[in-house]
Amino acid sequence: MPKLAKKSTMSLGRIFMSDCLFCKIIDGSIPSYTVYEDDKVKVFLDINPNNDGHLLVIPKEHKANLYEMDDDTLIYMLNIIREKLKSILSDKLNIDGLTISQNNDYGQEVKHFHIHVIPRYKNDKFPLASNCSKVEDVYHKLVG
Ligand code: AMP
Ligand code: ZN
C-alpha cells in the first residue's frame with residue numbers, strides 16, 4: 001500500500017496541515033493553555049515543561065521548520081517574545097531569565113515550527129526539567 005501524501009489545505013485563508021498537532025491546536029480541535037494569540041501567532045504552555053511557564057510560540061501558517069520560515073514572521077515572533085511574553089512572565093511568575101530554543105528535524109518532535117520560551121529561575125535544573133507545578137495552575141497565574 002503506497003503511503004498517503006500529507007494533506008495540506010487552506011482553512012480560513014491559511015495553510016493547514018490535517019495531520020499536524022499544532023495546526024489542530026490553532027483551529028481549536030485540540031485544546032491548549034493559550035496565553036497569547038493574534039492573527040499571525042499563537043502562544044501556549046508546553047504540556048511537558050522544563051520549568052514553570054515554558055511556552056511554545058507558533059506561526060498560524062503551517063511551516064515545518066526554520067528552513068521554511070520567512071524573515072518577517074521570524075522577526076515578528078521574536079518581537080512577541082521580547083515585547084509581550086517577557087513582561088507577562090516577569091510580572092506573573094517572577095522569572096530570573098529566559099532561555100529560547102528551537103529544534104529542526106532530528107530532535108524535533110512536532111513538525112510545525114515552534115520556538116520554546118523557557119523561563120529560568122536561579123538554581124533551576126535546566127536543561128533537566130525542574131519540579132514543575134501543574135500546567136493548569138501556571139496557566140491560571142499567567143492569565144489571571
Ligand atoms: P520539539 O521537541 O522541539 O518538537 O518540542 C515539542 C514540544 O511540544 C514538547 O516540548 C512537548 O512537550 C510539546 N507538546 C506536545 N504536545 C503538546 C500539546 N498537546 N500541548 C502543548 N505542548 C505539547
Ligand atoms: Zn501545522
Distance-only donor-acceptor pairs under 3.5 Å for side chains of residues 135-144, two or more places apart:
none

Show me, pair by pair, the donor-acceptor contacts under 3.5 angstrom made by side chains of residues 74-84, not counting sequence neighbours?
from, atom 1, to, atom 2, distance (Å)
Y76, OH, D38, OD2, 2.4
N79, OD1, R82, NH2, 2.6
N79, ND2, I75, O, 3.4

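In this structure, N50 and P127 approach most closely via the heavy-atom pair ND2-O, 3.1 Å. Across P49 and A129, no two heavy atoms sit closer than the pair O-CB, 3.9 Å. Annotation for Q108 and A64: closest pair NE2-O, 2.9 Å, computed over non-hydrogen atoms. In terms of heavy-atom proximity, S32 sits nearest to T34 at OG-OG1, 2.7 Å. Taking both residues in full, the closest heavy atoms of K60 and D39 are given as CD-O, 3.6 Å, listed atom of the first, atom of the second, then distance.
Annotation: side chain of L89 is in contact with side chain of L55 (closest heavy-atom distance under 4.5 Å). At a threshold of 4.5 Å between non-hydrogen side-chain atoms, the residues E37 and K42 count as touching. Looking at Y121 and L93, their side chains come closer than 4.5 Å, going by heavy atoms from C-beta outward. By the 4.5 Å heavy-atom criterion applied to side chains, I100 and H116 are not counted as neighbours.
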side-chain contact (heavy atoms from CB on, under 4.5 Å) assessment of T73 paired with E61:
CA-CA 10 Å; T73 309; E61 289 274 339; over 6 Å; no
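Linking ILVMFWY residues whenever their side-chain heavy atoms come closer than 4.5 Å, directly or via other members, places F113 and V41 in the same cluster. Residue I30 is grouped with residue I58 when hydrophobic side chains (ILVMFWY) are merged at heavy-atom distances under 4.5 angstrom, including chains of intermediate members. Under the 4.5 Å side-chain heavy-atom criterion for grouping Ile, Leu, Val, Met, Phe, Trp and Tyr, I95 is not connected to F44 through any hydrophobic cluster. Neither M69 nor M17 shares a network with the other; the hydrophobic side chains, linked directly or stepwise wherever heavy atoms of I, L, V, M, F, W or Y lie under 4.5 Å apart, form separate groups for each. L56 and V35 fall into different hydrophobic clusters, where Ile, Leu, Val, Met, Phe, Trp and Tyr residues are linked whenever their side-chain heavy atoms come under 4.5 Å apart, directly or through other members.
Partners of H62 according to the ring-ring contact (aromatic ring centres under 6.0 Å, His included) rule, which considers only residues two or more places apart in sequence or in another chain, are H112.
N65 contributes no side-chain N or O that, together with a main-chain N or O of N104, makes up a donor-acceptor pair within less than 3.5 Å. No donor-acceptor pair under 3.5 Å is formed between the side chain of D46 and the backbone N or O of H54.
Here the straight-line distance linking atom CG of D19 with atom NZ of K24 works out to 7.0 Å at 0.5 Å rounding. Atom-to-atom distance recorded for I15:CD1 and C20:SG is 12.0 Å, nearest 0.5 angstrom. Going from atom CG of L45 over to atom NZ of K134 covers 13.5 Å, rounded to the nearest 0.5 Å. Atom NZ of K122 is separated from atom CG of D96 by 4.5 Å, given to the nearest 0.5 angstrom. The CG atom of D52 sits 12.5 Å away from the CD1 atom of I118 when rounded to the nearest 0.5 Å.
Enclosure of atom CG in D91 by more than 12 non-hydrogen atoms of other residues, nucleotides or ligands within 6.0 angstrom is indicated.
Neither side chain, D124 nor S130, offers a donor N or O lying under 3.5 Å from an acceptor on the other.
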